[in-house]
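Just so it is clear, the structure is predicted and the values come from calculations on it, not from any experiment. Heavy atoms only: backbone and side chains are in, while hydrogens, waters and symmetry mates are out. We count residues from 1, following the sequence as given.
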Amino acid sequence: MTLLDHARIEAAARTLQGIAVRTPAITSRALDAEAGFPVLCKAENLQHTGSFKFRGAYNHTANLPAGQRVRGIIGASSGNHAQALALTAHILGIPATVVIPDDAPRAKVQGSRALGARIIRHQRTGQDRDALVARLAELHGLAIVPSANSADVMAGAGTAALELLTDHPHITTLLVPVGGGGLAAGTAVIAKHLNPRIQVIGVEPWSATDTLQSLRTGTRVTLPAAPRTIADGLGHTTPAELPFAINTRLLDDIVTVTDHDITTAMAYAFRHLKVVVEPSGACALAALLARRITHTGGTIGVMISGGGVDLAGFLTTISLYKEKARV
């Protein structure tokens, strides 16, 4: 078996059956009119813990050897993967430790703690979180569950696209946000298997173009500093190794969106789709609304990857959109 193929994603779907939410594909006549084509938004903001991350975290952990799994799991995250690990551990009855940056959204930290996870804070700049995770894993005998750099994590993430394209095989272009690259890789593998002619386009914040630059150069690029973007879940400095090996072959393009594009998409989703979307989760929709893609016909699929934002954070972000919209 290759690193990641359709069979592994289909196996992940069986593992997640009855565990993960089969999230709906939301439509809006207003969005169709805005885009000029039919649009289907896969609402992973309605997934357990509010993002697609639960799919990969659970699939990876469920596939660990029982003797390793029972000692507990650990992972690093800006918030969504942390909550996914916490819920996974809660369901399976095992301990979870999550390493979260000190500037992570409060709602995501509280969500992880409420599910019983042990919280370790780290500084986003000046501290190597992966080294910290490795040290804690060795010290306590914990299994590391990466946020993206795992075949089972990517397979779990790919089940969202499997659901969408099974229910709607007529989709011709699929937009997916790119952070570490796991969702994009899982999406591209299953999408190209189901329809070799489908166009899969990744979306990054304009200040966090590590994958875009890496694809252009053919090797993994590391940004000189942590990106400044409201899409905190996509603020990576370098693409994860395993997803990059897939994305460099299968992604048709990567486009970028500004923070204003993102806040516009969040406001649009609230008004027309009747859903609350976090900045990272709104990036694919932002690319569509900002006309960053070329689409010549057929239905467009959009991955709304998460909704992990509290009321205060959402209102603050929307107020930024309003202020900029007046300019």
_Using 30° and 60° as the class boundaries, would you call the ring planes of Y268 and H272 parallel, tilted or perpendicular?_
tilted

*Step-by-step side chain to side chain contact (heavy atoms under 4.5 Å, CB included) determination, L234 to T229*: CA-CA 8 Å; L234 305 184; T229 172; 5.8 Å; no

*Look at atom NE2 of H90 and say whether more than 12 heavy atoms of other residues, nucleotides or ligands are closer to it than 6.0 Å.*
no

*Could you grab the distance from atom OG1 of T88 to atom CD1 of I94, nearest 0.5 Å is fine?*
8.0 Å

*For the side chain of R249 and the backbone of N247, is there at least one donor-acceptor N/O pair under 3.5 Å apart?*
no

*What's the shortest heavy-atom distance between I171 and G301, and which atoms?*
CG2-N, 3.7 Å

*Decide side chain to side chain donor-acceptor pair (under 3.5 Å) for R228 and S207; before the verdict, give the C-alpha distance in whole Å, the side-chain angles of both, and the deciding distance to 0.1 Å.*
CA-CA 6 Å; R228 295 176 63 87; S207 61; over 6 Å; no

*asked:* Do F54 and Q47 have side chains that approach each other closer than 4.5 Å (heavy atoms only, starting at C-beta)?
replied: yes

*Would a distance-only check, ignoring hydrogens and angles, find a side-chain to backbone donor-acceptor pair under 3.5 Å from S214 to V221?*
yes

_Donor-acceptor pair, side chain of T248 and main chain of F244, under 3.5 angstrom_ = no

*So, the side chain of R292 versus the backbone of V255: is there a donor-acceptor pair under 3.5 Å, distance only?*
no

*Parallel, tilted or perpendicular for H193 and H6, by the 30°/60° rule?*
parallel

*Please answer whether the main-chain N or O of L242 pairs with a side-chain N or O of N149 as donor and acceptor at a distance below 3.5 Å.*
yes

*Go through the side-chain N and O atoms of Q199 and T173 and say whether any donor and acceptor fall under 3.5 Å apart.*
yes

_How close do A155 and L4 get, counting heavy atoms only, and between which atoms?_
CB-CD1, 3.7 Å

_Do the side chains of K53 and E44 get close enough for a salt bridge, i.e. N-O under 4.0 angstrom?_
no

*State, with a plain yes or no, whether a side-chain heavy atom of L31 is found less than 4.5 Å away from one of C41.*
yes

_Residue pair P177 / S305, side-chain heavy-atom distance below 4.5 Å_ = yes

*Side-chain (R55) to main-chain (V21) donor-acceptor, under 3.5 angstrom*: yes

_V203/I254 under side chain to side chain contact (heavy atoms under 4.5 Å, CB included): CA gap, chis, key distance, verdict_ = CA-CA 6 Å; V203 183; I254 291 219; over 6 Å; no

_Nearest non-hydrogen partners of I74 and L85, listed with the distance_ = C-CD1, 4.1 Å

*Nearest-0.5 Å distance, CG of residue L289 to CG of residue D261*: 9.0 Å

*Would T27 and D32 count as having a side-chain donor-acceptor pair, cut-off 3.5 Å?*
no

*Minimum-distance pair of heavy atoms, taken over all atoms of T61 and A57*: OG1-O, 2.8 Å

*asked:* Using a 3.5 Å distance criterion without hydrogens, assess whether the side chain of T263 forms a donor-acceptor pair with backbone atoms of H260.
replied: yes

*Cationic N near anionic O, under 4.0 Å, R29 to E34*: no

_Can you tell me how far apart OG1 (T23) and CG (L46) are? Round to the nearest 0.5 Å._
7.0 Å

_Tell me if a side-chain donor or acceptor on H48 pairs with a main-chain N or O of S51 at a distance below 3.5 Å._
no

_Nearest-0.5 Å distance, SG of residue C283 to CD1 of residue I304_ = 11.5 Å

*asked:* Donor-acceptor pair, distance only, cut-off 3.5 Å: does the side chain of T209 make one with the backbone of L212?
replied: no

*N80 and T49: side chain to side chain donor-acceptor pair (under 3.5 Å), yes or no, with the steps?*
CA-CA 7 Å; N80 283 336; T49 69; over 6 Å; no

_Closest non-hydrogen atom pair between A226 and T237, with its separation_ = CA-CG2, 3.9 Å

_With side chain to side chain contact (heavy atoms under 4.5 Å, CB included) as the criterion, how do L164 and T187 come out once you've worked through the C-alpha distance, each side chain's angles and the decisive distance to 0.1 Å?_
CA-CA 10 Å; L164 179 63; T187 296; over 6 Å; no

*asked:* Is any side-chain heavy atom of L174 closer than 4.5 Å to one of V302?
replied: no

*Hey, mind stepping through R220 and D210 against salt bridge (charged side-chain N to carboxylate O under 4.0 Å, His left out) and telling me if it holds?*
CA-CA 8 Å; R220 291 165 66 221; D210 52 301; over 6 Å; no

_Between L136 and I120, is the side chain to side chain contact (heavy atoms under 4.5 Å, CB included) condition met? List the steps._
CA-CA 10 Å; L136 291 170; I120 305 291; 4.2 Å; yes

*Heavy atoms, side chains only, cut-off 4.5 Å: are T97 and L142 in contact?*
yes

_SB check R22 D167 (cutoff 4.0 Å)_ = yes

_Nearest-0.5 Å distance that lies between atom CD1 in I246 and atom CG in L251_ = 10.0 Å

_Candidate pair Q83 and S112, rule side chain to side chain donor-acceptor pair (under 3.5 Å), full reasoning_ = CA-CA 5 Å; Q83 291 183 92; S112 301; 5.2 Å; no

*Any chance you could measure L175, atom CG, to K42, atom NZ, to the nearest 0.5 Å?*
15.5 Å

*What pair of heavy atoms forms the shortest contact from R69 to L92, and how long is it?*
CD-CD1, 4.0 Å

*asked:* I'd like to check Y58 versus L16 (side-chain heavy atoms, cut-off strictly below 4.5 Å). Are they in contact?
replied: yes

*asked:* Counting C-beta onward and ignoring hydrogens, is there a side-chain heavy-atom pair between T299 and T172 closer than 4.5 Å?
replied: no

*Looking at side-chain heavy atoms only, is the closest gap between P101 and R121 below 4.5 Å?*
no

*Does N59 use its side chain to pair, donor to acceptor, with the backbone of V153 at less than 3.5 Å?*
no

